[in-house]
A.B. asks: 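What follows is a structure written as structure tokens; I'll ask about it next.
Both counts, for ligands and for their atoms, begin at 1 and track the order of listing.
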Amino acid sequence: MTHNPSIQTFEESIRKVLNVAKSEKEIVNQIQPYFQSLLQNEGLLPESYKQPKPNKYSQFLLYKPQDEAFSIVAFVWGPGQTAPIHDHLVWGLVGIYEGTIEETRYRKISNDESEVGFNLEVVETVIAKTKDISFVYPPNADIHSVRNPFNDIAITIHIYGTDIGKQKRNRYASETYAMKPIVTSHENEVPIYHM
Ligand SMILES: [Fe+2]
């Protein structure tokens, strides 16, 4: 584990926001400028982690404090790699660190005739480039899918309001929207950075 002063500064800013923000929407809005600064730092994800796995995106824990009030995680997306439709059940920010990804955001709409009692409606699909930031937060801005349809590797850095590697949340089947509980663990148990 390594010490990283920019992550320490970022933690101080997050703590201040968490003390004053009154909603998850306020949290993500207020963290955004600090996150933008964090994304300017080169080398947040060491080179040795950047090689994509052959068949699935990789998820590395960069840092979490002892109280797990938040986590900073890096994802490496090889060409064609996808995260199917899922929720988070906690606030989060997604920053593009290198390359470009495509994100499709969904909203739940009730539908008593569907098998699961709701449908998912596409809100929008966005192409997010290096330094772009997007948000997720429950209940209405929490469901999305992410993919790298491009030929280059993409690296995204995410902040969540808990250790997302332990968070119990859901995946949604693409046609029926059937929910399946998931936990997506980090590849590394020991965070790359410590304070
Ligand atoms: Fe996500």
A.B. asks: So does K64 pair up with D163, basic N to acidic O under 4.0 Å?
C.D. replies: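 Yes, this pair counts.
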A.B. asks: Where the side chain of N41 meets the backbone of L38, is there a donor-acceptor pair that is under 3.5 Å apart?
C.D. replies: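 Yes; judged by distance alone, with no hydrogens or angles, the pair exists.
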A.B. asks: Among side-chain atoms of H3 and Q8, is any donor-acceptor pair under 3.5 angstrom?
C.D. replies: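 The criterion, which ignores hydrogens and geometry beyond distance, is satisfied for Q8 and H3.
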A.B. asks: Classify the side-chain pair Y63/E11 by whether it contains a donor and acceptor separated by less than 3.5 Å.
C.D. replies: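 Yes, because at least one side-chain N or O of Y63 sits under 3.5 Å from a partner of the opposite role on E11.
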A.B. asks: Checking side-chain polar atoms at under 3.5 Å, does E103 have a donor or acceptor matched by the opposite partner on S145?
C.D. replies: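 On atom types as modelled, these side chains do not qualify, holding no pair under 3.5 Å.
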A.B. asks: Could E121 and K108 be called an ion pair, given the rule that one side-chain N must be under 4.0 Å from one carboxylate O?
C.D. replies: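 So E121 does not pair with K108 through a salt bridge.
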A.B. asks: May I ask you to list the protein N, O or S atoms found at less than 2.8 Å from the Fe ion (ligand 1)?
C.D. replies: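 Under 2.8 Å from the Fe ion (ligand 1) - ignoring waters, which are not counted - the protein N, O or S atoms are H86 NE2, H88 NE2, H144 NE2.
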